[in-house]
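A short write-up of the structure that comes next.
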Amino acid sequence: MSRMDDVIVIGGGVIGCSIAYQLAGRGLAVTVLERGRLGGEATAAAAGMLGAQAEMDETGPLFQLSRWSRSLFPQLAEELGALTGIGIGLVREGLLHLAVDEAQEQELRARAALQRAAGETAAWLDAAEAVRLEPALSRELRGALYLPSDGQVEAPQLARALAAGAALRGARLREYAQAQELLVERGRVVGVLTDDGPRYAERVVAAAGVWSGRLLSGIGAELPLAPVKGECFSVLASPGLLRRTLFTPGCYIVPKAGGRLVVGATMQPGSYDRRVSLAGIAGLMQTAQRLLPAIGEAEWERAWSGLRPQSADGLPYLGAVPGYEGLYVAAGHYRNGILLAPATGVWLAALVAGGPAEAAELLAREERQRPGAGSWAAACQAERLGAEAALG
Ligand code: FAD
Ligand code: GLY
């Protein structure tokens, strides 16, 4: 089989779907190659938090990229709803980042000061104030950092809506279509070898989550990525038990529609083994009950796991792969791929379809709104890949 696309996107997770949605919206001929089901890997496992503040312990490039991406959700939710009829479950009730001892309180207060200085809302609540907001919370808390701007979505629905939107805009979505290797001729990517033979394109975007490194290593480019397994479970509680997401570094509880609570997540680096362990779930259950005692009465639903794609420095790789004309990467979104999906789609589309001048203009616009807001672009460049890539 030999076909010509403008762009082939490898990987049909939330990142690949978001990129395809934006590229197809510009009228490009796009094919997404997904070796399994669309959104079936890390994306399916995600709790859907938009933790632009909760997940960041500093106000560096990832924070800047995250808050830009978070700001894109309301319009994206509306746009996808109108186009596809699929709701992404955007909830903007905020999040309580809990502290159980004085050290945690000091750390969160310091973080709040940084985030407020950067223009975000972050309010310290003592235990009584936190319980007033969420009456089912444990009384054993020290207090909580209230982050009203951190929302959440239904992650699988977001991926489904982006995929459906991309298809409605003309993109071809191929499930059970594995990219075996990248096809490169004289330093230029010309397509992808699939199970059905070669497929040609002007440009290729590697958006295959933690597996992106394997694709690039096939052409001698180094993309350091490692899996960090996360296990979660869900229960059905009485609707209204919890309105806001509860967050601690080792356990979070995300209230979904109809009283469903998603509890996550373990952090197990280095393994591609997706089996769910009793110890992992038992640990989460214990912590969840300490934070929200009434969760013990809830009805069990299910448990699952997924592999977070972790880069060497915790920042995603976004942009052109040096040494290979026409090849781009969007991978390594680690704990925040749902949050970062809208910005990743817009940014890759600007680079791939618009070119460097349009991308620079986009960054300049961000900078005009908030100095430092475009700092992530340099930090996330694929330029920091291994030396082999630069040599081509
Ligand atoms: P994936 O979703 O893994 O998609 C990559 C796709 O590429 C896969 O479908 C795979 O089959 C396909 N693929 C691989 N190789 C090939 C090939 N050779 N050919 C074709 N296709 C290929 N993020 C948040 O923002 N908020 C959260 O609350 C949150 N919670 C999480 C909870 C857990 C337990 C986990 C595990 C992750 C969580 N994340 C969260 C992180 C988020 O899920 C990931 O960062 C995000 O899903 C990464 O998306 P992706 O598209 O890069 O990867
Ligand atoms: N962002 C939540 C997680 O990765 O578990």
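In what follows, every heavy atom counts, from backbone to side chain, and hydrogens, waters and symmetry copies are set aside. When a ligand or atom number is given, it counts from 1 through the structure's own listing order. Here the structure is a predicted model, which is why all the values come from computation and not from measurement. The chain is numbered in sequence order, starting from 1.
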Quiz item: Should the proximity of Ile10 to ligand 1, defined as any heavy atom under 4.0 Å, be assigned to the side chain, the backbone, both, or neither?
Solution: side chain
Quiz prompt | Sorted by chain and number, the residues that approach ligand 2 to under 4.0 Å with a heavy atom | solution = Met49, Glu55, Tyr252, Ala265, Arg308, Arg335
Quiz item: Under 4.0 Å from ligand 1, counting heavy atoms only, is it the side chain of Ala177, its backbone, both or neither?
Solution: backbone
Quiz item: Which protein non-hydrogen atom lies closest to atom 2 (O) of ligand 1, naming both residue and atom, and how far is it?
Solution: Thr43 OG1, 2.6 Å
Listing, residues 223-241 side-chain donor-acceptor contacts under 3.5 Å, not counting sequence neighbours, or none:
residue, atom, partner, partner atom, Å
Lys229, NZ, Asp273, O, 3.3
Lys229, NZ, Arg275, O, 2.4
Glu231, OE1, Thr266, OG1, 2.9
Glu231, OE1, Gln268, NE2, 2.8
Glu231, OE2, Ser277, N, 2.6
Glu231, OE2, Ser277, OG, 3.0
Ser234, OG, Glu301, OE1, 2.5

Quiz item: Any sub-3.5 Å donor-acceptor pair from Asp150's side-chain atoms to Gln53's backbone N or O?
Solution: yes
Quiz item: Considering only heavy atoms, does Phe247 approach ligand 1 within less than 4.0 Å through its side chain, its backbone, both, or neither?
Solution: neither
Quiz item: Does the Asn336 side chain pair with the main chain of Leu339, one donor and one acceptor, at a distance under 3.5 Å?
Solution: no
Self-check item: Sub-6.0 Å ring centroid separation between Trp347 and Trp68
Solution: no
Quiz item: Any idea which protein heavy atom is nearest atom 9 (O) of ligand 1, and the distance to it?
Solution: Glu34 OE1, 2.7 Å
Quiz item: Tell me, do Leu261 and Val254 make a side-chain contact under 4.5 Å, heavy atoms counted?
Solution: no
Practice problem: Just need the protein heavy atom nearest to atom 48 (C) of ligand 1, so name the residue and atom and give the distance. | Solution: Pro309 CG, 4.1 Å
Practice problem: Starting from atom 37 (C) of ligand 1, locate the nearest protein heavy atom and write down its residue, its atom name and how far away it is, to 0.1 Å. | Solution: Arg308 CG, 3.6 Å
Self-check item: Closest candidate by heavy atom, reference atom 17 (C) of ligand 1, pool Ala206, Ala179, Ala207
Solution: Ala179
Quiz item: What protein heavy atom sits nearest atom 39 (N) of ligand 1, and how far off is it?
Solution: Arg335 O, 3.6 Å
Quiz item: Can you tell me the protein heavy atom closest to atom 26 (N) of ligand 1 and the distance?
Solution: Met49 O, 2.9 Å
Practice problem: Output all residues satisfying side-chain contact (heavy atoms from CB on, under 4.5 Å) with Glu79, sequence neighbours left out; order by chain, then residue number. | Solution: Tyr21, Gln75, Leu76, Arg169
Self-check item: Under 3.5 Å side-chain donor-acceptor pair for His333 and Thr344
Solution: yes
Practice problem: Not counting sequence neighbours, which residues clear side-chain hydrogen bond (donor to acceptor under 3.5 Å, both in side chains) with Glu325? List them please. | Solution: Arg188
Self-check item: Nearest non-hydrogen protein atom, atom 22 (C) of ligand 1
Solution: Arg35 CG, 3.6 Å
